[in-house]
Each structure stands twice: as C-alpha cells, then as structure tokens.
2 protein chains.
Amino acid sequence: MFSKACEYGIKATIYIAVKSMRQERVSLKEIAEEVDSPVAFTAKILQSLAKNGIIDSHKGPTGGFQIEETKIDTIKLHDIVHAIDGDKIFSGCGLGLEQCDARQPCPVHDKFVGIRDNLKIMLQNTSLYELATGLEIGLTHLKR
Amino acid sequence: MFSKACEYGIKATIYIAVKSMRQERVSLKEIAEEVDSPVAFTAKILQSLAKNGIIDSHKGPTGGFQIEETKIDTIKLHDIVHAIDGDKIFSGCGLGLEQCDARQPCPVHDKFVGIRDNLKIMLQNTSLYELATGLEIGLTHLKR
DNA sequence: TTTATTTAGGATAAATTTGTCCGAAATAAG
DNA sequence: CTTATTTCGGACAAATTTATCCTAAATAAA
C-alpha cells in the first residue's frame, strides 16, 4: 500500500512528534533506532520531509529534528504521505490508462475511485497529534 | 495501488472473458494489442493466470487463451489479483511491522485495516462477468 | 579559533519490478 | 511426416525503489 519510504517517514514523524511534545530534539541516529529503519535511507526521507516543511532540521551538536508544537495537530497523515510519495497514490487510473474518468471509465473506475476516496479521507482526517498521543500513552508501538 | 503486472493481468482477463462469451479464443498477440501492454511481459502474466486455473491456454495453431464460460461469473477480481500478486496486498502491517495486530497495534493499524477491508470486500464482490459485460456494451474501455 | 557533532547532498550499490529474447514443446493442418 | 503457429519457460536486461557511503556544510562548545 505505502512505499517503504512512506512507512519509514510516517514512523519517524510520529516519533519526532512525541519527542517534540516534550520539547526535545532527536537525532537521526536515535530516530532510526527507535523506528527500526535503515539510517542513511531514513536521512533522505527526513530531508524531504524538512524540505516540505513538515519537520524542522538543525545541524551541528545538539542538532537534530523536531516539529513545531503548534503544527502537530494540524499536520495530517495525508501531508506526510504527500511529501514523500507525491500524489501518485491519489490520482491516476486503477488500470494505468491515460484517459480514464467518469465519462470514459476503465472497467474498475467506479469501484476503484470509491476505495481511493476512502483512503484519501482517512489520511486527511488522521492528525499527527492523535498518532503521537496513541504512541506516547503506550496504546501503539513502532518497533518490530 | 496495483502492480503493473496486476493492471495488465486484469485488463487481459477482462478481454479474454469478452471473447470467451462469444466462444472465441484469443492469441497473446491480440490480447497485448487490445489491452495496450508489452507482449512478452503479458505472456508471463497469462502463464501464471493459467497455472492458477483462472484462464485456459492452448498451444499450436488456433491456440490461444480462453475462459470457461461457466466460470466467468464465479471468478472475482480478487482471484485475479491474488493469482498475480499473492496476498501481500491483503495482509501485513501498514507500517511494515512484523508484529502488529489489534492487541499490539501500530499507530495506523485500525484505520489501515478499515481501508484494506473495504478493498478486499470490493475485490471479492466484483465479478469478471460484470467487468466483461461493461466492456462489451461499450460502457467502459481498456485502451489509452 | 579549533574541534567535535550533526544534517545535507551527491555518487554508488543492491534488490525488486518490469520488460525482452530466444529456443523448446505442443499441436493443427497440409 | 513436415511445417507453421502458438504458448512455455529460462536467461537476460532495463528501470525503479531501496539502501549505503562519503565528503561538505553548518554549528555548538571548549
């Protein structure tokens, strides 16, 4: 469903959010450990999240990643996925046709659109805040 | 959402079904043309569909692919996807965790399961017959 | 100012998916 | 039986995704 890059990116962002709610900055190394993801690859993903304004990055000693606390509940899962994978998940024909819409649909158009709308709505309605809170209170986990 | 292999496989199967309803067998070449897919790659996909009993294949002159007419309305989109991609679309954690279930969920577990159940139900409820019929009466299309 | 630490970013490599090529096997028809 | 046609199946190649490595740039602290 999601690419590996997205999986790592979502996990990392949630972890950063939890720490940010405690006014703590986290290093790439710590993130990769806590999220069980390859360090260098995770670095790339965090880079693109930073470029997209989802997270803040700081170089040097005491550097690391963090998220503005006020942003944590405005950021949605949708924003994270979009920053990493673009909108290819949300657009395009289910069977790969160039021209496919309600007027000239492919055989699965309607059914496919329905599912994808569900996905999009879910992503747009899920806030980073609720994901981070669930993790912080031990309701959910990020490793293994 | 679907792999390229799946996209080609679904389109090919629908096309074969339409022809089979007219008691016609179709060659790989014709399928690839009508479905706008790479010939050799399509051959591999048809091979695995044949091995999985979704379609029948016949070698030699007048050979080609077809689907038992009685099967056309019992075959579901789910069967095609499953034959090509296995059940990796239907199982596994949304964030790639090894252990993730209702008791020890990842942060997106519940939301993800909901979407995937929708997808599964849709695939299980969509028959090859309805897809083929829609194409035959010109309601849908497979090219471009 | 120097040093240690941390992210940025480019080059490269490994793995997977997508796609091609070609000879073998089957089989219908002359 | 021979030939032409069609799928089968293995080897190979290209493209994309995933992952690593290394140097540069920034920056905090001694």
Side-chain angles (χ1 to χ4, degrees), chain A residues 1-13 15-16 19-20 24-67 81 83-86 88-89 92 95-96, chain B residues 1-13 15-16 19 24-33 35-67 81 83-86 88-89 92 95-96:
Chain A
M1 187 81 114
F2 297 127
S3 64
K4 278 289 165 192
C6 245
E7 288 180 9
Y8 299 149
I10 292 168
K11 291 196 288 182
T13 306
Y15 184 73
I16 298 168
K19 290 292 190 166
S20 294
E24 286 176 36
R25 220 176 244 174
V26 275
S27 70
L28 166 64
K29 197 184 155 200
E30 179 181 340
I31 294 167
E33 268 166 15
E34 291 303 317
V35 146
D36 197 33
S37 63
V39 183
F41 191 39
T42 305
K44 300 289 187 198
I45 297 159
L46 293 176
Q47 223 175 108
S48 94
L49 286 170
K51 275 184 185 165
N52 280 275
I54 312 280
I55 65 180
D56 297 324
S57 73
H58 297 271
K59 291 179 182 175
T62 78
F65 299 89
Q66 74 195 111
I67 304 176
V81 172
I84 297 171
D85 278 352
K88 65 183 173 189
I89 314 183
L95 297 183
Chain B
M1 189 81 115
F2 297 128
S3 64
K4 278 290 165 192
C6 245
E7 288 180 9
Y8 299 148
I10 293 168
K11 290 195 290 182
T13 306
Y15 184 74
I16 298 168
K19 291 293 191 166
E24 286 176 36
R25 220 177 245 176
V26 275
S27 71
L28 166 64
K29 197 184 155 200
E30 178 181 341
I31 294 167
E33 267 166 16
V35 145
D36 197 33
S37 64
V39 184
F41 191 37
T42 305
K44 300 289 186 196
I45 297 159
L46 293 177
Q47 222 174 107
S48 93
L49 286 169
K51 275 184 186 165
N52 281 275
I54 311 281
I55 65 180
D56 296 325
S57 72
H58 298 269
K59 292 180 182 173
T62 78
F65 299 89
Q66 75 195 110
I67 303 176
V81 173
I84 297 171
D85 278 353
K88 65 185 173 189
I89 315 184
L95 297 183

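Sequence lines set the chain letters: A, B, ... in the order given, protein chains first and strands last, and positions in each chain run from 1.
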Value in whole Å for how far the [atom2] atom of [N] lies from [atom1] of [X]:
X: B/Lys4; N: D/dT16; atom1: NZ; atom2: C1'; answer: 12 Å
X: A/Phe41; N: C/dA11; atom1: CZ; atom2: P; answer: 18 Å
X: A/Ile84; N: D/dT17; atom1: CD1; atom2: C1'; answer: 14 Å
X: B/Glu30; N: D/dT6; atom1: CD; atom2: P; answer: 11 Å
X: B/Leu49; N: D/dC8; atom1: CG; atom2: C1'; answer: 15 Å
X: B/Ile45; N: D/dG9; atom1: CD1; atom2: C1'; answer: 15 Å
X: A/Asp56; N: D/dA26; atom1: CG; atom2: C1'; answer: 16 Å
X: A/Leu28; N: C/dG9; atom1: CG; atom2: P; answer: 14 Å

Look at the side chain of B/Lys19 and the backbone N and O of B/Val26, then say whether any donor-acceptor pair between them is shorter than 3.5 Å.
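Not confirmed, B/Lys19 side chain does not pair with B/Val26 backbone.
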Map A/Gly60 and A/Ala5 onto DNA chain D by nearest heavy atom, then report which one ends up closer to the 5' terminus.
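In this pair, the answer is A/Ala5.
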5′-ward residue of the pair B/Gln47/A/Gly63 relative to DNA chain D
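Mapping each residue to its closest nucleotide by heavy atoms, the 5'-most match is B/Gln47.
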Which one, [options], comes nearest to the side chain of [X]?
X: B/Ser3; options: C/dA28, D/dT20, C/dT18; value: C/dT18
X: A/Ala40; options: C/dG19, D/dT20, C/dA8; value: D/dT20
X: A/Lys44; options: C/dG9, C/dC21, C/dA8; value: C/dG9
X: B/Lys59; options: C/dT7, D/dA19, D/dT6; value: D/dT6

Between B/Asp85 and B/Pro61, which has a closest nucleotide on DNA chain C that is more 5'?
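Here B/Asp85 is the residue nearer the 5' end.
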Mapping B/His58 and A/Gly64 onto DNA chain C by nearest heavy atom, which one lands closer to the 5' end?
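The residue mapped nearer the 5' terminus is A/Gly64.
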Are B/Ile89 and B/Val81 packed together at the side-chain level, in the sense that at least one heavy-atom pair is separated by less than 4.5 angstrom?
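Yes, close enough: below the 4.5 Å cut-off.
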Below 4.5 Å, heavy atoms only, C-beta onward: do A/Val39 and A/Lys29 meet side chain to side chain?
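Counting from C-beta outward, A/Val39 and A/Lys29 never come under 4.5 Å.
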What's A/Lys29 touching, base or sugar-phosphate or nothing? Going by heavy atoms closer than 4.0 Å.
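Counting heavy atoms under 4.0 Å across all strands, no contact is made by A/Lys29.
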Is A/Ser57 close enough to C/dT6 that one of its side-chain N or O atoms is under 4.0 Å from OP1 or OP2 there?
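No, outside the criterion.
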So, OP1 or OP2 of C/dG19: does either fall under 4.0 Å of a side-chain N or O from B/Tyr8?
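Yes, B/Tyr8 has a side-chain N/O under 4.0 Å of OP1/OP2 on C/dG19.
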OG of A/Ser20 to CD1 of A/Ile55: how many Å apart, nearest 0.5 Å?
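Nearest 0.5 Å value for the OG-CD1 distance: 9.0 Å.
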Value rounded to 0.5 Å, distance of OH in B/Tyr8 from NZ in B/Lys44:
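The distance works out to 15.5 Å.
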